[in-house]
Amino acid sequence: MPESLIPPPESGTPADLSIERDDTYYFHDIIILVFPVYVYGQRIAYLPLIQVEQCLFKVPRFYLERESEVFRDMFQLPSIGDNIHGLREEEPLRLDGISGEDFRQFLKVLYPVDDTTFSRLSLGQWASALKLADMWDMERVKTTAIKRMEILIPSPAERIVLGRQYHVDEWVVQGFMKLIERVDPISIDDGRRIGFEWAFMIAAMRERCCAHNSSQTWGSRQPRGAVAVPQDCADHIRRDLGLT
């Protein structure tokens, strides 16, 4: 079992929370305390009964600094007296509002323990890594996560949802294209997943593609088959959605 640590009250961590060292990602150098924050209206409240366990991570700071200007700036902040956060367990660097499980999956990508780590990660684990990489502007980590998630996303609707959530415009366009050209029309479940406003947009685009008048800019539907879309369909989607 991980060693239990209870920091003193002056450390800024509630004294009734048990802090543990992470089993895998507790190395040397910088000490980070991941501490979720839950917001209700304008009030921030700590909810120990439902939050992820409080855990200390100790990892080399080099990769965090190399990949993210956010962390470079964070580590360069001037200290007050002898209170240098991140050097002692009593004064960890706190990342408020971050899920411990999300941070653990992120570290699996930043510090893989072996050459099979990436192939073992699930879509949800990659999504956790992508979420934090996007938050901290880590382009290389984000690129790796996007590439790995490409083959794991199960449906066009999910591709649209993830693309919107993590600012991957190409996934949004690809999801639209798949829903427009597939044989079956967009479903109620698809609408619930992506939002009915976007579902109506896709339905309208399908109608334009299914128009029988060959003189129109948009394409026509193949009998009992997938919808044929013109080559400039992706450009229309980007324009209508305001994507680059």
Walk me through whether Gln125 and Lys108 qualify under side chain to side chain contact (heavy atoms under 4.5 Å, CB included).
CA-CA 9 Å; Gln125 290 173 310; Lys108 289 179 181 179; 3.4 Å; yes
Between the CD1 atom in Ile202 and the CD atom in Glu197, the distance rounded to the nearest 0.5 Å is 11.5 Å
Output yes when a side-chain donor or acceptor of Glu158 lies under 3.5 Å from a complementary backbone atom of Ser155, and no otherwise.
no
Other residues, nucleotides and ligands only: do more than 12 of their heavy atoms fall within 6.0 Å of OH on Tyr63?
no
For a quick test of reading the model, state the closest non-hydrogen atom pair linking Ser128 to Gln105 and the distance between them.
CB-CB, 3.8 Å
Separation of Arg66 CZ from Met138 CE (nearest 0.5 Å)
10.0 Å
Taking it one step at a time, do Leu121 and Arg148 satisfy side chain to side chain contact (heavy atoms under 4.5 Å, CB included)?
CA-CA 9 Å; Leu121 296 182; Arg148 291 284 179 163; over 6 Å; no
Salt bridge check, Arg120 against Asp114: does any charged N sit closer than 4.0 Å to a carboxylate O?
yes
If hydrophobic clusters are built by linking Ile, Leu, Val, Met, Phe, Trp and Tyr wherever their side-chain heavy atoms come under 4.5 Å apart, do Ile188 and Phe176 end up in the same one?
no
Looking at Phe200, I want to see if its CZ is surrounded by more than 12 non-hydrogen atoms of other residues, nucleotides or ligands under 6.0 Å.
no
Is the shortest side-chain heavy-atom distance between Trp198 and Val172 below 4.5 Å?
yes
Residue pair Leu130, Leu162: steps toward the side chain to side chain contact (heavy atoms under 4.5 Å, CB included) verdict:
CA-CA 10 Å; Leu130 178 58; Leu162 292 173; over 6 Å; no
Can you name the nearest heavy-atom pair linking Val173 to Ala234, along with the distance?
CG1-CB, 3.9 Å
Set of side chain to side chain contact (heavy atoms under 4.5 Å, CB included) partners for Lys147, sequence neighbours left out:
none
Test of understanding: with salt bridge (charged side-chain N to carboxylate O under 4.0 Å, His left out), list the residues that count as partners of Glu150, not counting sequence neighbours.
Arg159
Test of understanding: with ring pair (Phe, Tyr, Trp, His ring centres under 6.0 Å), list the residues that count as partners of Phe103, not counting sequence neighbours.
Phe57, Phe106
In short, Asp189 meets Arg192 closest at the heavy-atom pair OD1-NH1, 3.1 Å
NZ/NE/NH1/NH2 to OD/OE distance under 4.0 Å, Asp190 and Arg193:
no
Can any side-chain N or O of Arg206 pair as donor or acceptor with the backbone N or O of Ile180 at less than 3.5 Å?
yes
Tell me whether the count of non-hydrogen atoms from other residues, nucleotides or ligands lying under 6.0 Å of CD in Glu69 goes above 12.
no
For the residue pair Leu132 and Leu110, establish whether any side-chain heavy-atom pair is separated by less than 4.5 Å.
no
Do Trp136 and Glu67 have side chains that approach each other closer than 4.5 Å (heavy atoms only, starting at C-beta)?
no
Report the distance from atom CG of Asp235 to atom CG of Leu243, rounding to the nearest 0.5 Å.
11.5 Å
Minimum side-chain heavy-atom gap Asp240-Met205 below 4.5 Å
yes
Is it true that Phe196 and Val161 fall in one hydrophobic cluster, defined by side-chain heavy atoms closer than 4.5 Å?
no
Restricting to non-hydrogen atoms, name the atom on Gly191 and the atom on Ala199 that form the minimum distance, rounded to 0.1 Å.
CA-CB, 3.8 Å
Carboxylate-amine/guanidinium proximity below 4.0 Å for Arg104 and Glu101
yes
On a heavy-atom basis, which atom in Ala157 and which in Ile194 lie closest, and how many Å separate them?
O-CG2, 3.6 Å
Asp137 meets the salt bridge (charged side-chain N to carboxylate O under 4.0 Å, His left out) criterion, sequence neighbours left out, with none
Who passes salt bridge (charged side-chain N to carboxylate O under 4.0 Å, His left out) against Asp115, sequence neighbours left out?
none
Are any side-chain N or O atoms of Ser68 and backbone N or O atoms of Leu64, one a donor and one an acceptor, separated by less than 3.5 Å?
no
Walk me through it: do Glu170 and Ile146 pass the test side chain to side chain contact (heavy atoms under 4.5 Å, CB included)?
CA-CA 10 Å; Glu170 197 57 34; Ile146 289 172; over 6 Å; no
Qualifying residues under salt bridge (charged side-chain N to carboxylate O under 4.0 Å, His left out), relative to Lys131, sequence neighbours excluded
Asp102
Going by heavy atoms in the side chains, are Gln174 and Met177 under 4.5 Å from each other?
no
Rounded to the nearest 0.5 Å, what separation is found between the CG atom of Leu107 and the OG1 atom of Thr117?
12.0 Å
